[in-house]
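This is a predicted model, so every value here is computed, not measured. For ligands, and for the atoms within them, numbers begin at 1 and follow the listed sequence.
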Amino acid sequence: MALKALDVYKLLPKKNCKECGDPTCLTFAMKLASGKADVDLCPYLDEEAKSVLGATTRPPIRLVKVGVGERSFAVGEEFVLYRHDKTFYHPPGILFKVSDTWEPEAITSATVRVRDEFFTRIGTDLRFDGIAIENTSGSPDTFARAVSIVEKSADLPLVLMASNIAALNAALIQVGSYQPLIHAATNENFREMCALAKKHSCPLVVKAHGLDDLTALVKNCLLEGVQKLVMDLCPQSPGDFITTSTAVRQLAITRAVPDLGYPVFIDATHPYLQDAKIALGIVKYASVIITPPLSPASAKAALTLRQNIYTDPQKPIQMNPGLYRIGTPGKDAPVLLTVNFSLTFFTLQGYLESTRIPCFMLIVDTEGLSVLTAVAAGKLNETLVRDSIKKFEVENEVSHKTLIIPGYSAPLSGRIEEATGWKVMVGPRDAAEIGEFLHEEWKKTKD
Ligand code: SF4
């Protein structure tokens, strides 16, 4: 049962020393009560208060950071079972797996792909997150050599996958300070694994099948002093993954079993139903997903799905309003008006670029609503269009006064003409037809 901010405040030392990063104990109490801060940030809490507060106020799924530096990523700290209840906050890290038995060139090539490859979608650069190195050989030397090949090629978050403690030790001597994720502690080896994780301050994956065994193993690792945990549920099939991962999320979110409140790991490298497993991992709560180096099609699908699922459903992705150029438009170039819903912007931009007709896009602020919704909600109206033409000084850029508006805003055409003094042409409803429209209708205005 969650505590209220005032109850939390009563348990704080009230020094107002700001060491937790908050200006007062009260603001820290409010953050704690809403699950936005961790009790460990206050160094003056005694152990008893920490355990009372920790159990009720810390985020139901702990935040775990993998790696250091620019490309490091953090996972966990999620609060809901269903995305539409609020949002999902921390997208899963997706890492390419290499084996220490691969030729050095193959290891380098996979690493360089993760380092350099990206594709831009809805204004965001999408990339993979790191490299998982597996100790397939069983040899500490071979493992350490593979890790050093990766490390020389890129500064990326790593997952070290080995059951051989000597092999992990050899690898961690080289890259321990980069805080790789260690995979994995089991019932048999958790003491040695915890000792390594503690020595290098690394996050640790715990691996067990069945919720009881998993919970017991998490408890054992916590007793060994390792807090940064990730859980490998050892699914026997994609269906088993959905069932177990959903149960884990439910038990963690409701705090019914707080010891299951850690991010989930999935290895999707087995060729059987590989793309399906990656997709399931993304939509069903995995936070660290291991894949083989993916084909371009699978790579784009995975990154696109992750972006979609981890976009806040309550906030449409928006573009900054303004006058955008396609190519190098001259004074007689067409001006096309549309809304600042980013999907509309990028779709239209793509089609306009393919027409090879230089033009201007006048993007008006409809608070991220699409054309149809903005017209229905009254957000797209003649006043906004008039003010935007003025604000972005469109009249200084072109020698004509003709504005092309989206087909779905046709009912506004008369009012826009009256308010702006511009002639309005109603464009197509479907952005895919804009090329044909410009080549035929726009050209007629110049004849
Ligand atoms: Fe208060 Fe503790 Fe924060 Fe200091 S560190 S302001 S005592 S909550």
Side-chain angles (χ1 to χ4, degrees), residues 1-70 72-81 85-91 93 157 176-181 194-195 197-204 206 215 218-231 249 251-263 287 310 312 314-315:
M1 171 105 163
L3 288 178
K4 294 209 170 105
L6 211 54
D7 301 324
V8 174
Y9 180 65
K10 282 181 195 156
L11 292 166
L12 293 180
K14 301 181 204 53
K15 289 174 184 276
N16 287 325
C17 62
K18 304 183 185 171
E19 284 183 45
C20 54
D22 279 294
T24 64
C25 296
L26 187 59
T27 47
F28 185 63
M30 286 157 70
K31 272 201 194 165
L32 271 181
S34 59
K36 300 255 165 62
D38 198 304
V39 280
D40 293 336
L41 290 171
C42 173
Y44 302 107
L45 278 169
D46 60 39
E47 285 310 312
E48 198 186 330
K50 253 190 198 175
S51 80
V52 173
L53 287 172
T56 53
T57 61
R58 68 168 44 116
I61 297 174
R62 300 290 292 269
L63 190 73
V64 176
K65 190 175 159 208
V66 181
V68 295
E70 225 177 278
S72 65
F73 62 90
V75 289
E77 211 162 86
E78 300 293 345
F79 297 86
V80 291
L81 188 61
D85 283 341
K86 196 169 190 185
T87 184
F88 294 164
Y89 288 97
H90 294 98
S177 58
Y178 301 121
Q179 295 176 8
L181 177 62
C194 286
K198 268 168 68 180
K199 184 174 169 194
H200 297 280
S201 300
C202 292
L204 175 67
V206 296
T215 312
V218 167
K219 277 195 169 103
N220 283 334
C221 291
L222 291 173
L223 286 173
E224 292 292 319
V226 179
Q227 310 267 341
K228 295 184 283 182
L229 298 174
V230 173
M231 302 182 301
R249 172 63 76 102
L251 293 167
I253 294 293
T254 56
R255 299 181 195 271
V257 184
D259 287 331
L260 290 177
Y262 294 90
S287 289
Y310 282 80
D312 188 342
Q314 294 161 112
K315 286 188 208 146

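- Relative orientation of the Tyr310 and Phe88 rings is tilted, given thresholds of 30° and 60° on the angle between their planes.
- When each atom of ligand 1 is checked for a heavy atom of Lys15 under 4.0 Å away, the hits are 7 (S).
- Counting heavy-atom neighbours within 6.0 Å of Lys14 NZ, excluding the residue itself, gives a total above 12.
- Of all protein heavy atoms, the one lying nearest to atom 5 (S) of ligand 1 is Cys20 N, 3.4 Å.
- Among all non-hydrogen protein atoms, the one lying nearest atom 2 (Fe) of ligand 1 is Cys42 SG, 2.4 Å.
- In terms of heavy atoms, Pro203 sits closest to Gln179 at CD-O, 3.8 Å.
- Among the atoms of Cys17, no N, O or S atom is found under 2.8 Å from atom 1 (Fe) of ligand 1.
- Regarding atom 8 (S) of ligand 1, its nearest protein heavy-atom neighbour is Phe28 CD2, 3.4 Å.
- Here Leu45 has no heavy atoms under 4.0 Å from ligand 1, in either its backbone or its side chain.
- At a threshold of 2.8 Å, atom 2 (Fe) of ligand 1 has no backbone or side-chain N, O or S atom of Cys25 nearer than that distance.
- The shortest non-hydrogen separation linking Tyr262 to Leu222 is OH-CD2, 3.3 Å.
- Taking each heavy atom of Val75 and Pro91 in turn, the nearest pair found is CG1-O, 3.8 Å.
- In this structure, Glu48 places its CD atom where only 12 or fewer heavy-atom neighbours from other residues, nucleotides or ligands lie under 6.0 Å away.
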